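So the structure is just underneath, and the comments pick up after that.
It should be emphasised that the depicted structure is a prediction, and the values quoted were computed from it without experimental measurement. Scope of the values below: all heavy atoms of this structure, side chains included, with no hydrogens, waters or symmetry mates. Residue numbers count from 1 along this sequence.
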Amino acid sequence: MKGIRSVGITGVGSYAPEKVLTNFDLEKMVDTTDEWIVSRSGIRERHIASEEKSTSDLACDASIRAMKDAGVKPEDIDLIIMATVSPDKIVPSTACIVQGKLGCVNAGAFDVMAGCTGFIYALSVARQMVATGSNNTVLVIGADLLSKLTDWEDRNTCVLFGDGGGAAIVQPVEEGYGLIDHIVGAKGLGHLCIEIPAGGTFMPATHKSIDDRQHYIKMLGKEVFKFAVKTIEKTTVELAEKTGIPIDKIKLIVPHQANSRIMDAGKKRLKLADGVMYSNLEKYGNTSAGTIPLALADALADGKINKGDYVMLVGFGAGLTNGAIIMKWAYEVNQPEKRYAVRGAVQ
Ligand code: UT7
């Protein structure tokens, strides 16, 4: 094994489909109101993929932008780690489909399923792979296309989710910069809190499972809410203590975007200054493994991050899982070649 080296994100890209579904559109579909959705979740609109698209398409569009941002070509990528809960198919991995579509002929590829924490899990694996010298250029993706797995008759869930995702290129960086440390955790006894019951070996797909709508996302919202509020605080504090980086030195916390009340509670419990807890939730809703890289890309585009800033990503979600990763941002963001186009069609 080669020596440990500094590893960081060297490019970021994101993608959300062009079609927007607003809360007012939802008022016409289920018994809900814009007022309820905004006050209970903070979401105003979400992006919805067109019928012919699958998760790998969103992942590819985000990855093309990330590669362009980092100045790498598909053949430079030597590993693809894809975090998703909405794979194109049960078999094979969506990472392999992405590898084929992008022409990353020199890359190994595998999926990580860790709910909405998936991007953090994937990034932490990439960190180790590059630090040890096993890989040099890893494409890490977090993307979900939940609109095809959402029960559009269930107002408890359908108002919350959206489609989209992001990608990051992970490479060796200047010493003293980049990914510093991470923690990942799970509480498997909570696996029923967010699930898609049918379609796997537990409940293979049958006419009955479909009639019973068991192939759609089910969520015990209140249980998850309580877990999330505790977790966002606990995980942030745990990683800050582990690394010795005080919370007030962190420039930006990019949390999983599930609910503005969860983020507000985190901000209050952690006594954060205004603007530290980043949110773009109102524009995208909850895109599961997609939210963190999508928010990171928007934060970069908004000029919230620059070289040397401490940035922490914090996640929680199905599993139940939690995790956080902290980095010292490794490059000047205002370089002319760094173009943070984050929405719409990929040029
Ligand atoms: O990404 C994975 C992590 N996921 C999360 O972090 C989600 C965590 N949970 C949440 O964000 C919140 O629990 C929700 C936004 C899902 C729900 O908020 P809540 O304050 O926990 O509402 P509730 O489930 O307690 O529902 C309150 C009321 C209920 O009516 P009753 O029983 O009080 O008469 C619901 O039936 O609101 C009703 N309700 C709705 N009303 C209008 C539920 N969904 C809707 C809706 N529109 N869409």
Side-chain angles (χ1 to χ4, degrees), residues 14-59 61 84-88 115-116 142-166 192-199 203 205-225 228 256-263 279-291 294-295 298 317-318 342-345:
S14 69
Y15 176 77
E18 269 157 68
K19 183 181 168 194
V20 170
L21 185 74
T22 67
N23 293 349
F24 299 104
D25 297 326
L26 280 163
E27 286 183 356
K28 296 176 203 132
M29 297 163 64
V30 285
D31 181 15
T32 192
T33 59
D34 171 62
E35 197 278 328
W36 191 96
I37 303 170
V38 173
S39 65
R40 295 297 178 114
S41 73
I43 300 164
R44 292 185 187 276
E45 55 189 39
R46 67 287 292 142
H47 293 246
I48 304 291
S50 51
E51 197 51 45
E52 73 282 4
K53 296 284 182 188
S54 55
T55 305
S56 62
D57 296 311
L58 312 189
D61 284 346
T84 188
V85 297
S86 50
D88 281 20
C116 306
D144 270 303
L145 198 164
L146 297 176
S147 64
K148 290 190 183 179
L149 303 176
T150 297
D151 185 346
W152 290 100
E153 293 179 11
D154 176 11
R155 69 174 183 172
N156 289 294
T157 52
C158 77
V159 302
L160 304 173
F161 300 117
D163 302 334
L192 297 176
C193 288
I194 311 174
E195 59 165 352
I196 297 179
M203 189 190 292
T206 59
H207 289 293
K208 181 167 169 18
S209 74
I210 291 172
D211 290 346
D212 292 347
R213 311 182 82 74
Q214 295 297 307
H215 56 301
Y216 292 129
I217 299 168
K218 314 281 174 202
M219 183 169 72
L220 303 174
K222 267 201 191 315
E223 297 309 312
V224 181
F225 189 90
H256 168 49
Q257 309 283 310
N259 188 312
S260 56
R261 289 187 291 143
I262 295 170
M263 289 185 264
S279 176
N280 64 357
L281 170 75
E282 67 171 21
K283 294 189 286 181
Y284 302 105
N286 182 346
T287 58
S288 194
T291 73
L294 200 48
D298 270 9
V342 290
R343 281 175 286 278

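R40 CZ to N259 CG: the interatomic distance, rounded to the nearest 0.5 Å, is 10.0 Å. A distance of 10.5 Å separates CD1 of I194 from CD1 of I196, quoted to the nearest 0.5 Å. Here NZ of K19 is found 9.5 Å from CD of E51. Values are rounded to the nearest 0.5 Å. Atom-to-atom distance recorded for R44:CZ and D34:CG is 6.5 Å, nearest 0.5 angstrom. Put simply, CD on E27 and CZ on R155 are 12.5 Å apart, with the number rounded to the nearest 0.5 Å. Taking CG of L281 as the reference point, atom CD of E45 lies at 11.0 Å (rounded to 0.5 Å).
Across every non-hydrogen atom of N286 and H256, the tightest pair is OD1-CE1, 3.1 Å. Considering all non-hydrogen atoms of both residues, Q257 and N280 come closest at OE1-N, 3.1 Å. Scanning all heavy atoms of the two residues, the minimum distance from M219 to L160 falls at CE-CD1, 3.5 Å. The heavy-atom pair separating W152 from V30 by the smallest distance is O-CG1, 3.4 Å. Across all non-hydrogen atoms, the minimal contact from E153 to R213 is CD-NH2, 3.5 Å. Annotation for A143 and S86: closest pair O-OG, 4.3 Å, computed over non-hydrogen atoms.
The side chain to side chain contact (heavy atoms under 4.5 Å, CB included) test with L146 singles out one residue from V85, T55, T157, and that residue is V85. Each of D163, T291, D298, V20 was scored for a side chain to side chain contact (heavy atoms under 4.5 Å, CB included) with Y284, with one residue passing: D298.
With a 4.5 Å cut-off on side-chain heavy atoms, Q214 and M203 count as touching. Proximity of F225 to I262: side-chain heavy atoms (C-beta onward) are separated by under 4.5 Å at one or more points. Put simply, the side chain of C158 reaches to within 4.5 Å of the side chain of L26, judged on heavy atoms. Looking only at side-chain heavy atoms (C-beta outward), I43 and V159 stay at 4.5 Å or farther from each other. Looking at heavy atoms from C-beta onward, L149 lies out of side-chain contact with H215 at the 4.5 angstrom threshold. The side-chain heavy atoms of H207 and I210, taken from C-beta on, include no pair separated by under 4.5 Å.
For the pair S39 (side chain) and W36 (backbone), a donor-acceptor distance under 3.5 Å is present. A donor-acceptor pair is defined here as one N or O able to donate and one able to accept, closer than 3.5 Å; no such pair exists between the side chain of R46 and the backbone of E282. Formation of a donor-acceptor pair under 3.5 Å by the K148 side chain with backbone atoms of K53 is found in this model.
Using a 4.0 Å cut-off between charged side-chain N and carboxylate O, D154 and K218 make no salt bridge.
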CA sep, side-chain torsions, deciding dist, call: I217, D151, side-chain contact (heavy atoms from CB on, under 4.5 Å): CA-CA 7 Å; I217 299 168; D151 185 346; over 6 Å; no

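The closest side-chain donor-acceptor pair between D144 and T287, if any, does not fall under 3.5 angstrom. In this model, a donor atom of one side chain and an acceptor atom of the other lie less than 3.5 Å apart for D25 and T22. The closest side-chain donor-acceptor pair between Y15 and D57, if any, does not fall under 3.5 angstrom.
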